[in-house]
Amino acid sequence: MNFSAVELDEDTRAFWAETRAFFDEHVTEEVHAEERRTGSGFNEAFHRAFGARGWVLARWPVGQGGAGLDPVRARIMELELERSGAPVIISQTTPLPALAVQMFANEELKTTVLAGVGDGSISICLGYTEPDCGSDLAAVRTRAVQEGDEWIINGQKMFTTGAQVCQYSLCLTRTDPAAPKRRGLSVFLVPLDLPGIEIRPIHTVGGERTNIVHFDDVRVSDYYRLGGVNQGWAVLSAPLANEHGMGEQDDLAPNGGRTFLRDTRRLLAAVVTWLQTQVDESGRPRLEDPITRERLARVALDIEAGTAAHGPMARIHASGALARAASDLLELMGPAGLLPHGAEGAVAGAIPEYMFRFTPGTSIYGGTNEIHRNLVAEKFLGLPRSTPRD
Ligand SMILES: Cc1cc2nc3c(=O)[nH]c(=O)nc-3n(C[C@H](O)[C@H](O)[C@H](O)COP(=O)(O)OP(=O)(O)OC[C@H]3O[C@@H](n4cnc5c(N)ncnc54)[C@H](O)[C@@H]3O)c2cc1C
């Protein structure tokens, strides 16, 4: 890894200033208020403006829906996005199914969908998990049966985050129940406005909105099939690898590592700012207390260590760093840290209280920490598989 500083030329500095101005203009207090109210991880006006810049697929080539940003500009954009605190769940997950569309959709569908993803008018959610399967995705039961040029889908998807705001779901279905698990699956890009689809909300303790999606005799044209019949596992391989931080284009991933480190940074900054206003019983500023400083430094070091981590290791570390920080800093703050948004005395818009609730989910979605540990064991340490391959 190269840790040397990156020299920025004048053009790049101008890009940085312009990027910061963009986020200052578009990530308004109303955007934050809507996110606190809905927990959707999405704001339509912001997402459209973001898409108009090509930043949903920031590194993809211009002409394929992207902005063609080089790695330095992409990182600058990401840093400013992070600083703005914009709701990003849907803009970060949509590039994953977009990869499957790019690789497996017919030409017409690919052109339309990628153009829409690129300009922010189309978003896609991940329709993988079901009530009885998450880690073992190949066990999905949602059934798709062919009838002429159509497929009839019946079943239930669980935790389909963003279904209420997305146009499509990347839906993993079982098309051959008699075949071994992985060889009987097919993937469809299901338009979410089809008759027979019902989206029901789930609100998590962490304030996130996700969904149960019911499919009741939903008729989907074969036009929306991605890849071959019963070849669905291959269709998911690029989106899943990217989600786990192991894809060739892993900068497209909603890299749990980076996102959770951003949250840990926000939490630390909020607590430090609050501590600057606090004195102990003897009138000494709390920030001068060596034990307090050591605890803050430990969080800062955890963030730095995560910055240098890569792939699934980054996600495991960052999820843990956020959990450690949320619990330790909350203890440091005492009751003030538990005050919710809007309560008198709530700290920094109640960031500590929110992070404490938000933290548990970070070890679950996008594959649990245990599944990421299995990946590290198998793909990086060369240990045997923990579960038999069917
Ligand atoms: C807020 C939220 C948003 C989500 N968004 C989406 C989404 O948009 N789309 C989507 O498809 N899914 C989504 N999910 C689902 C998420 O990906 C799954 O919950 C997750 O993969 C775990 O699956 P499960 O809940 O079925 O738990 P299980 O797979 O039943 O796991 C239960 C426990 O067993 C452990 N375990 C299971 N298998 C193994 C193994 N082989 N080795 C070691 N330990 C194992 C797990 O780590 C876990 O601790 C979301 C979940 C949450 C909470």
> Which residues satisfy the ring pair (Phe, Tyr, Trp, His ring centres under 6.0 Å) test with Phe188, sequence neighbours excluded?
Replying inline: Trp151
>> With ring-ring contact (aromatic ring centres under 6.0 Å, His included) as the rule and sequence neighbours excluded, what pairs involving residues 15-37 come up?
In response: Phe22-His26, Phe22-Trp55, Phe23-Trp55
> Quick one: ring-ring contact (aromatic ring centres under 6.0 Å, His included) pairs with a partner in residues 261-290, sequence neighbours left out?
Replying inline: none
>> Determine whether Glu208 and Arg357 satisfy the following criterion, salt bridge (Lys or Arg N to Asp or Glu O under 4.0 Å), listing intermediate values before the conclusion.
In response: CA-CA 10 Å; Glu208 297 139 304; Arg357 282 186 290 116; over 6 Å; no
>> So that I can tick it off, tell me whether Arg37 and Glu30 are bridged by a salt bridge, with the cut-off set at under 4.0 angstrom between side-chain N and carboxylate O.
In response: no
> Can you name the side chain to side chain contact (heavy atoms under 4.5 Å, CB included) partners of Thr161, sequence neighbours left out?
Replying inline: Ile89, Thr210
> Taking only residues two or more places apart in sequence or in another chain, which ones pass ring pair (Phe, Tyr, Trp, His ring centres under 6.0 Å) with His317?
Replying inline: none
> Which pair of non-hydrogen atoms, one from Asp176 and one from Arg143, has the smallest distance, and what is that distance?
Replying inline: N-NH1, 4.4 Å
>> Quick check: closest heavy atoms across Ala350 and Leu339, and the distance to 0.1 Å?
In response: CB-O, 3.4 Å
> Can you check side chain to side chain contact (heavy atoms under 4.5 Å, CB included) on Val190 and Ile197, steps first, answer last?
Replying inline: CA-CA 10 Å; Val190 177; Ile197 293 182; 3.8 Å; yes
> Can Leu114 and Trp60 be said to form a side chain to side chain contact (heavy atoms under 4.5 Å, CB included), step by step?
Replying inline: CA-CA 10 Å; Leu114 292 186; Trp60 288 39; 3.9 Å; yes
> Counting only heavy atoms not in Gln276, do more than 12 sit closer than 6.0 Å to its CD atom?
Replying inline: yes
> Does any donor atom in the side chain of Thr160 or Asn211 lie under 3.5 Å from an acceptor atom in the other side chain?
Replying inline: no
>> If hydrophobic residues (ILVMFWY) are linked whenever their side-chain heavy atoms come closer than 4.5 Å, directly or via other members, who joins Ile202 in its cluster?
In response: Met158, Phe159, Ile212
> Run the side chain to side chain contact (heavy atoms under 4.5 Å, CB included) check on Leu296 and Leu275 step by step: do they pass?
Replying inline: CA-CA 11 Å; Leu296 296 171; Leu275 281 170; 3.8 Å; yes
>> List the residues meeting ring pair (Phe, Tyr, Trp, His ring centres under 6.0 Å) with Tyr168, not counting sequence neighbours, and say none if there are none.
In response: none
>> Looking at Glu130 and Arg174, is any side-chain nitrogen of the basic one under 4.0 Å from a carboxylate oxygen of the acidic one?
In response: no
> For Val279, what residues pass the side chain to side chain contact (heavy atoms under 4.5 Å, CB included) criterion, not counting sequence neighbours?
Replying inline: none
>> Quick check on side chain to side chain donor-acceptor pair (under 3.5 Å): which of Arg258, Arg73, Arg262 does Glu78 satisfy it with?
In response: Arg258
>> Could you report the tightest heavy-atom contact between Pro95 and Leu57, atom names first, then the distance?
In response: CB-CD2, 3.9 Å
> Do Arg315 and Asn369 have a side chain donor and acceptor closer than 3.5 Å?
Replying inline: yes
> Quick one: side chain to side chain contact (heavy atoms under 4.5 Å, CB included) partners of Pro285, sequence neighbours excluded?
Replying inline: Glu288
> Around atom CZ of Phe356, are there more than 12 heavy atoms of other residues, nucleotides or ligands at under 6.0 Å?
Replying inline: no
> Got more than 12 heavy atoms from elsewhere within 6.0 Å of CG, Leu381?
Replying inline: yes
>> Working note: Ser123 + Gln167, criterion side chain to side chain contact (heavy atoms under 4.5 Å, CB included); need CA distance, chi angles, decisive distance, verdict.
In response: CA-CA 6 Å; Ser123 297; Gln167 285 64 42; 4.0 Å; yes
> Are any of the side-chain heavy atoms of Cys166 and Ile124 separated by less than 4.5 Å?
Replying inline: no
>> Between Arg225 and Gly227 (side chain of the first, backbone of the second, donor and acceptor by atom type, cut-off under 3.5 Å), is there such a pair?
In response: yes
> Mind checking what makes ring pair (Phe, Tyr, Trp, His ring centres under 6.0 Å) contact with Phe46, not counting sequence neighbours?
Replying inline: Phe50
> Is there a path of hydrophobic side-chain contacts, each under 4.5 Å between heavy atoms of I, L, V, M, F, W or Y residues, that connects Ile152 with Leu172?
Replying inline: no
> Got more than 12 heavy atoms from elsewhere within 6.0 Å of CG, Asp149?
Replying inline: no
> What residues form a side chain to side chain contact (heavy atoms under 4.5 Å, CB included) with Val62, not counting sequence neighbours?
Replying inline: none
Donor-acceptor pairs under 3.5 Å, side chain of residues 324-333 to any protein atom, not counting sequence neighbours: which ones?
{"unit_1": "Arg324", "atom_1": "NE", "unit_2": "Asp302", "atom_2": "OD2", "d": "2.8"}
{"unit_1": "Arg324", "atom_1": "NH2", "unit_2": "Asp302", "atom_2": "OD1", "d": "3.3"}
{"unit_1": "Arg324", "atom_1": "NH2", "unit_2": "Asp302", "atom_2": "OD2", "d": "3.1"}
{"unit_1": "Asp328", "atom_1": "OD1", "unit_2": "Arg295", "atom_2": "NE", "d": "3.3"}
{"unit_1": "Asp328", "atom_1": "OD1", "unit_2": "Arg295", "atom_2": "NH2", "d": "2.9"}
{"unit_1": "Asp328", "atom_1": "OD2", "unit_2": "Arg295", "atom_2": "NE", "d": "3.4"}
{"unit_1": "Glu331", "atom_1": "OE1", "unit_2": "Arg295", "atom_2": "NH2", "d": "2.6"}

> Same hydrophobic cluster for Val56 and Val31, using side-chain heavy-atom links shorter than 4.5 Å among ILVMFWY?
Replying inline: yes
> Any Lys/Arg nitrogen of Arg83 or Asp24 sitting under 4.0 Å from an Asp/Glu carboxylate oxygen of the other?
Replying inline: yes
>> Tell me whether the count of non-hydrogen atoms from other residues, nucleotides or ligands lying under 6.0 Å of CD in Glu10 goes above 12.
In response: no
>> Counting only heavy atoms not in Arg141 (residues, nucleotides, ligands), do more than 12 fall under 6.0 Å from its CZ?
In response: no
> Looking at Lys157 and Cys171, what are the two nearest heavy atoms and their distance?
Replying inline: CE-SG, 4.1 Å
> Going only through I, L, V, M, F, W and Y residues with side-chain contacts under 4.5 Å, is there a path from Leu194 to Ile153?
Replying inline: yes
> Considering only heavy atoms from C-beta outward, does the side chain of Val376 approach that of Ile316 to under 4.5 Å?
Replying inline: yes
> If you take all heavy atoms of Ala138 and Arg182, which pair is closest and at what distance?
Replying inline: CB-CG, 3.9 Å
> If you look at every heavy atom in Arg293 and Leu287, which pair is closest and at what distance?
Replying inline: NH1-O, 2.7 Å
